[in-house]
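Everything on this sheet refers to the single structure shown next.
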Amino acid sequence: MYLADRSAPAGAKTAPDRGSGRAPAVAPTVLALGTVSLITDVSSEMVTAVLPLYLIAGLGLSPLGFGALDGVYNGVSALVQLTGGHLADRVRNHKLVAGIGYGLSALCKPLLLLAHSLGPISVVLALERTGKGLRTAPRDALISLSTPDRLQGRAFGVHRAMDTTGALLGPLAAFLILGVAVDGYDAVFGVSACVAALGVVVLMLFVPSGAGGTPPPRPRTAAAPAAPPAPERPDPVRLRDAAALLRLPRLRALALCAVLLGLTTVSDAFVYLLLQRRTGIDDQWFPLLPLGTAAVFLLLAVPAGALADRIGRRTVFLTGHALLLAAYGLLLWAPAWPALPYLVLALHGMFYAATDGVLPAAVAATVPESLRATGLALVGTGQALARFGCSLAFGGAWTLWGTGPALAAAAAGLLCCAAVAGYVLRPATPAPCAPAAAAPTPPDPARRP
């Protein structure tokens, strides 16, 4: 039960041997999927950056109502992740299922132009998150299956860095559109729909359907090679096969820790609202707050992934949650320094860099190839459902008690859960071995019997 376990599961693919040539550090599939995620995140983060302000300031939604809606926004994708992961493994076409998810999310963006009340907006956001839930596990499975185990952290770090580039550009685009458009929110939603459609096109054209590895070179022989035998069709993946994954001790430990820590991870929207109220940032600058998190995440995602491959994923993962706890502490007790927003956003971005790609890299090392998407979906679903519960609980605590007690409760819970996670993910202690029998003394060749 150790996050840094680098042993490859049975059936996992490794990089092809190219003799004296040097294999690429990142597979082409990872770069293609990173480009798709970059474009899609520009679209998604344009909406996410203005949504809290639009709902609370524009539609007059209470913090409790926003907490419920934010929980639905994340909880729906969590429930659908299991379906997307199992379906991708069952049909053995991860690109197809991921494409359906990206397409559904793109179709929902124009509907925001028609929804101007809480009910329709909730339905549209639920459908958009359904698309995200469908695509997440197949996409991560494609990344994992195209990368050897020793480079999983780096590969996920590269993908998350490209994804975060979109998260960096999305709020900036929303800020610029709000500044020049007459009907700012509708303009943001319209441009977001066009960008999302572009991401689907890139996925269809440039992402291969398989694991993404380069086919091995053909043998150089004078005679024509014999026709290869037809490959045997693998057995279909069944639901009980997916349930049997929870018998893996390491996967159970990862799922437990993801749930515990997710229960105390306040959503990004609440962090930005807390920071605005704590520092008095003007509404005009609110869409730029995610830029701080995204910029730090972009800079550190690849180094954090490579560091996790080298020193152990457990250490990096837990360090990320310690940084999030420090951000909570600054929001609670730090004086109103001019640098406070920068410090909080930097810690928030470091938290994501140390956890967002490291967790799926650890999960991929424990799950066989035929169930890779399902295993990633199991852990991702548990984490997202836990964050759904945190959004509901935090929104209710904010409404009843205020921001200070609500955040203090979240910080105390995070400290306790991080301690439990550190214990669960501790390196396994080897069992004591019986003393080895003394080796027989070899006969002296010079001595005659």
Side-chain angles (χ1 to χ4, degrees), residues 27-51 73-74 76-78 80-81 83-89 91-115 123-146 156 158-174 177 186-212 294 360 373 376-377 380:
T29 297
V30 178
L31 298 177
L33 286 169
T35 303
V36 174
S37 294
L38 187 156
I39 297 171
T40 304
D41 238 40
V42 171
S43 171
S44 298
E45 293 301 322
M46 287 175 65
V47 175
T48 303
V50 302
L51 196 60
Y73 190 65
N74 294 290
V76 169
S77 66
V80 180
Q81 270 194 61
T83 302
H86 177 72
L87 185 61
D89 285 335
V91 303
R92 301 192 185 280
N93 193 332
H94 299 87
K95 176 184 174 179
L96 173 63
V97 179
I100 293 172
Y102 279 108
L104 180 58
S105 294
L107 288 174
C108 289
K109 295 300 194 308
L111 298 179
L112 289 172
L113 295 169
L114 308 175
V123 173
V124 172
L125 293 180
L127 289 174
E128 199 276 337
R129 292 293 92 178
T130 299
K132 178 177 175 58
L134 283 175
R135 72 180 184 247
T136 299
R139 179 204 65 199
D140 285 351
L142 282 170
I143 296 171
S144 172
L145 293 172
S146 65
F156 279 103
V158 169
H159 174 267
R160 297 311 195 254
M162 297 180 72
D163 182 86
T164 307
T165 303
L168 190 68
L169 297 175
L172 182 60
I177 292 172
D186 283 350
V188 169
F189 298 152
V191 175
S192 172
C194 297
V195 177
L198 177 61
V200 177
V201 172
V202 173
L203 174 76
M204 294 295 102
L205 294 180
F206 297 105
V207 176
S209 297
L376 289 164

**Asked** Ala32 and Val207: which non-hydrogen atoms are nearest, and at how many Å?
**Response** CB-CG2, 3.8 Å
**Asked** Do Ser105 and Arg135 have a side chain donor and acceptor closer than 3.5 Å?
**Response** yes
**Message:** Going by the rule side-chain contact (heavy atoms from CB on, under 4.5 Å), which residues pair with Leu127 if we only count those two or more places apart in sequence or in a different chain?
**Reply:** Cys108, Val123
**Request:** To the nearest 0.5 Å, tell me how far Thr35 OG1 sits from Leu203 CG.
**Result:** 11.0 Å
**Message:** Can you tell me how far apart CG (Leu376) and CZ (Arg139) are? Round to the nearest 0.5 Å.
**Reply:** 10.0 Å
**Request:** Could I get the full list of side-chain contact (heavy atoms from CB on, under 4.5 Å) partners for Ala377, not counting sequence neighbours?
**Result:** Gln81, Leu82, Ala137
**Message:** Rounded at 0.5 Å granularity, tell me how far OG in Ser146 sits from NE2 in His94.
**Reply:** 11.0 Å
**Asked** Counting only N and O atoms by type, is there a donor-acceptor contact under 3.5 Å from the side chain of Thr40 to the main-chain atoms of Val36?
**Response** yes
**Message:** If I compare all heavy atoms of Leu134 with all of Val97, which pair ends up nearest, and what's the gap?
**Reply:** O-CG1, 3.7 Å
**Request:** With sequence neighbours excluded, tell me which residues meet side-chain hydrogen bond (donor to acceptor under 3.5 Å, both in side chains) with Lys109.
**Result:** Glu128
**Asked** Listed by chain and number, what are the ring pair (Phe, Tyr, Trp, His ring centres under 6.0 Å) partners of Tyr102, not counting sequence neighbours?
**Response** none
**Minimum side-chain heavy-atom gap Val158-Leu31 below 4.5 Å** = yes
**Fill in**
Nearest heavy-atom approach of Ala174 to Val50 is CB-CG1, 4.0 Å
**Message:** How close do Leu104 and Thr130 get, counting heavy atoms only, and between which atoms?
**Reply:** CD2-CG2, 3.8 Å
**Asked** Partners of Val195 by side-chain contact (heavy atoms from CB on, under 4.5 Å), sequence neighbours excluded?
**Response** Ile39, Val42, Ser43, Val191
**Message:** Restricting to non-hydrogen atoms, name the atom on Leu51 and the atom on Leu125 that form the minimum distance, rounded to 0.1 Å.
**Reply:** CD2-CD1, 3.8 Å
Exercise answer: donor-acceptor pairs, residues 162-170 side-chain atoms, under 3.5 Å, sequence neighbours excluded:
{"unit_1": "Thr164", "atom_1": "OG1", "unit_2": "Arg160", "atom_2": "O", "d": "2.5"}
{"unit_1": "Thr165", "atom_1": "OG1", "unit_2": "Ala161", "atom_2": "O", "d": "2.9"}

**Asked** Taking the side chain as C-beta and beyond, is there a heavy-atom pair between Phe156 and Ser144 under 4.5 Å?
**Response** yes
**Prompt:** So, for Met46 and Ser192, which heavy atoms are closest and what is the spacing to 0.1 Å?
**Reply:** CE-N, 3.9 Å
**Item:** Student check: side-chain heavy atoms of Val80 and Arg129 closer than 4.5 Å
**Value:** no
